[in-house]
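The figures here come from the full heavy-atom set of this structure, side chains too, leaving out hydrogens, waters and symmetry mates. All chains are named by letter (A, B, ...) in the order of the sequence lines, taking the proteins before the strands, and each is independently numbered beginning at 1.
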Amino acid sequence: MSKGITSKEVDYSQWYNDIVVKAGLADHSSVRGCMVIKPNGFAIWEKIQQTLDKMFKDTGHVNAYFPLFIPKSYLSKEAAHVEGFAKECAVVTHYRLKNSADGKGVVVDPEAKLEEELIVRPTSETIIWNTYKNWIQSYRDLPILVNQWANVVRWEMRTRLFLRTAEFLWQEGHTAHATEKEAREEALKMHDVYADFAENFLAIPVLKGYKTESERFAGALDTYTIEMLMQDGKALQGGTSHFLGQNFAKAFDVTFATEKGDSDHVWASSWGVSTRLVGALIMAHSDDSGLVLPPKIAPTQVVIVPIFKGEDQLKQIKEKLDPIIKFLQDKNISVKFDGSEHKKPGWKFAEYELQGVPIRVAIGPRDLENNTVEIARRDTKEKQIIGIDEVSSFVPQLLDTIQKDLLEKAKAFRKEHTTEVDTYDDFKKILESKGGFVMAHWDGTAETEEKIKQETKATIRCVLLNNESEEGKCVYSGKSSKQRVVFAKAY
RNA sequence: CGGGGUGUAGCGCAGUCCGGUUAGCGUACCUGGUUUGGGACCAGGUGGUCGCAGGUUCGAAUCCUGCCACCCCGACCA
């Protein structure tokens, strides 16, 4: 076990916090609820960004940028939307400060009160739809497939690094369509993109489903979600995609001339994922030695630790490895050679484990003599000696293997922590003991959902798409039900 | 906003009950040397408005009053 990390078994949330801080991902800032994302953490976010951005563009989207500030009146144009976000908005009321009377600082200048207050965006539907009104006249202007990378602010009461911060980074896609069918297909398409990304890059298996009415995004007709399972048995909503119907088009009066010459309101979707995914990555794979990163998302995929005495030996090692490093880099593998003399090899081993670098290559005098290197994989901690000529072919293969193994391991964990129950007693028992996803019948009412939430803290995470229908009785009310839904305690 | 807790070196803490040498320990940092295949060792050194503002006292990190900040548990949120 690594120095200073609380064991997962002892205190899961302390373990999580220790990893974030000790691996240098982020820190609490001096501003309540806001974090400083440090280089190691930001590098992961950049990988997420790069990968997703390409996936968005490959599916026909383009990027744009809208203002941070939204006039207060915009928010209230869509009734459900304002209801959902009003309680957590930061509000700008003035635009100037002046020196205070005692000369010791500055105060808000009461003369500089804004005529209309601005809110700091908690999400951008309103400002964007107010803009789309100007962009759309005809069906020929549609669809609009725009994404924005931005920061948003939601004034949460209690925050946790990456999982819930007052300010966070995200992307939000906002699309406009001529038909209901097309808008819904778009929402589902992006839902698929998120699921694909989660499984194939983050190595986190997801449940694909839709939210019940009470868990839906404020202003949406349908919210599609990818639900992930963390190592402590709690669920995490990894990303959502919303079918917004014509709600925002109606609120902002966005109409277009159809092919037939009629006028109709535009159909909409929106979708987003945030820096929360970094938190998901930590909680899905990491262990008591630190971060474990899937190779496809690791900023550094291979670290080389030379063991040497004096410059000559270091030079000798470097010369031997240079062609191999170059070969790997040409294959788009990120390699770091840590020839620093200030830290001992043992220190470096521990440090790169903490940072989650998937593969470590160690090479010392012994290896120089035998023409070998030691290869260690982060996920299993297995070590083996291979010939130096094999490195170029072995490393790319091993990266693939680690990527696959992490997903398989996470899948096995989820399978083990997914339980079908038929009575409320079992329902509570499972939640108390091993947690995880609990598949149970539900009568479809918001009342039952609310009661269960109050009594057990478990919520309906989603109703699976392509859910098998099955006759049964609601675990809570005993009323008849046609399908099981996914319950879990969640972040 | 309710209940509990904590503010002392970059970080983690002791000292506060019961006022009294120069405020201490671990770690980190700097210098020198020996080391280097799993977080090295020895020696020396730097670093403090003791959260802030008043008060009591010959004397306050310690006692009193007020304020501020942060953390945890609830309520809120996904």
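Under the 4.5 Å side-chain criterion, counting only non-hydrogen atoms from C-beta, A/R360 is not in contact with A/Y352.
Atom CH2 in A/W347 sits roughly 16 Å away from atom P in B/rU27 (whole-Å rounding). A/K489 has its NZ atom 17 Å from the C1' atom of B/rA78, to the nearest Å. The distance from atom CG of A/N17 to atom C1' of B/rC72 is 12 Å, rounded to the nearest whole Å. If you take CD of A/E449 and P of B/rA78, they are 13 Å apart, rounded to a whole angstrom. Here the P atom of nucleotide B/rC77 and the CG atom of A/L163 are 18 Å apart, to the nearest Å. Rounded to whole angstrom, the span from the CZ atom of A/F308 across to the C1' atom of B/rU35 amounts to 13 Å. Across the protein-nucleic acid pair, A/K457 atom NZ and B/rC77 atom P stand 13 Å apart, rounded to whole Å. We find that CD1 of A/I385 is positioned 15 Å from P of B/rG37, with the value rounded to whole Å.
Base pairing annotation: B/rC70 forms a Watson-Crick or G-U wobble pair with B/rG5, both donor-acceptor distances under 3.5 Å. Nucleotide B/rU65 has B/rA53 as its partner under the Watson-Crick or G-U criteria, with both atom distances under 3.5 Å. Within the shown strands, B/rU34 is the pairing partner of B/rA40 under the Watson-Crick or G-U definition, both distances less than 3.5 Å. The partner of B/rA60 cannot be assigned: no Watson-Crick or G-U wobble pair with both contacts below 3.5 Å exists in any strand. Using Watson-Crick or G-U wobble geometry with both donor-acceptor distances under 3.5 Å, B/rU27 finds its partner in B/rG10. Across all strands shown, B/rC17 remains unpaired; no Watson-Crick or G-U wobble contact has both distances below 3.5 Å.
Using atom P as the reference point in both B/rU22 and B/rG39, the two lie 43 Å apart (nearest Å). A distance of about 16 Å separates the P atoms of B/rA69 and B/rA53, rounded to the whole Å. If you take atom P in B/rC68 and the same atom in B/rG24, they sit 33 Å apart, rounded to whole Å. A distance of about 29 Å separates the C1' atoms of B/rA23 and B/rC41, rounded to the whole Å. When the P atom is compared between B/rG45 and B/rG51, the two are found 28 Å apart, to the nearest whole Å. Nucleotides B/rC76 and B/rC29, compared at atom C1', are 43 Å apart to the nearest Å. Straight-line distance between the C1' atoms of B/rC11 and B/rA43: roughly 25 Å, to the nearest whole Å. The gap from the P atom of B/rU62 to that of B/rC18 amounts to 14 Å, rounded to the nearest Å.
Side-chain proximity of A/M157 to the nucleotides B/rC29, B/rA75, B/rA78 is greatest for B/rA75. For A/K383, taking side-chain heavy atoms from C-beta onward, the closest of the listed nucleotides B/rG37, B/rG38, B/rC77 is B/rG38. In the set B/rG39, B/rU36, B/rA78, B/rU36 carries the atom at the smallest distance from any side-chain atom of A/I307. Side-chain proximity of A/P365 to B/rC29, B/rG37, B/rG38: nearest is B/rG37. Side chain of A/K87, nearest nucleotide from B/rC76, B/rA78, B/rC29: B/rC76. Of the candidate nucleotides B/rG38, B/rG37, B/rA78, B/rG38 has the atom nearest to the side chain of A/E353. Set against B/rG37, B/rU36, B/rG39, the side chain of A/K309 has B/rU36 as its closest nucleotide. Here the side chain of A/A350 is nearest to one of B/rG37, B/rG38, B/rC29, namely B/rG38.
Between the side chains of A/R461 and A/T459, at least one donor N or O lies within less than 3.5 Å of an accepting N or O. Residues A/Y491 and A/D232 have side chains that bring a donor and an acceptor to within less than 3.5 angstrom of each other. Between the side chains of A/E449 and A/T212, at least one donor N or O lies within less than 3.5 Å of an accepting N or O. Looking at A/S481 and A/D443, their side chains never bring a donor and an acceptor atom within 3.5 Å of each other. A donor atom on one side chain and an acceptor atom on the other are found under 3.5 Å apart for A/K381 and A/S289.
Ring geometry for A/H242 against A/F217 counts as parallel: the plane angle stays under 30°, on a 0 to 90° scale with 60° as the upper cut.
The shortest distance between the side-chain N/O atoms of A/K344 and the OP1/OP2 oxygens of B/rG39 is not below 4.0 Å. Contact check, A/K348 against B/rG39: no side-chain N or O comes under 4.0 Å of OP1 or OP2.
Counting distance only, with no hydrogens placed and no angle test, the side-chain atoms of A/R154 and the base atoms of B/rC77 include no donor-acceptor pair under 3.5 Å. Side-chain to base pairing of A/K381 with B/rG38: no donor and acceptor N or O lie closer than 3.5 Å to each other.
When the nearest nucleotides of RNA chain B are assigned to A/E351 and A/Q237 by heavy-atom distance, the more 5′-ward of the two goes with A/E351. For the pair A/T240 and A/V373, nearest-nucleotide mapping onto RNA chain B gives the more 5' position to A/V373.
Within the nucleic acid shown, A/E215 has no heavy atom closer than 4.0 Å to any nucleic acid atom. Among the heavy atoms of the strands, none lies under 4.0 Å from A/R216. Among the atoms of the strands shown, base atoms are found under 4.0 Å from some heavy atom of A/R164.
With ring centers used as reference points, A/H81 lies under 6.0 Å from A/F248.
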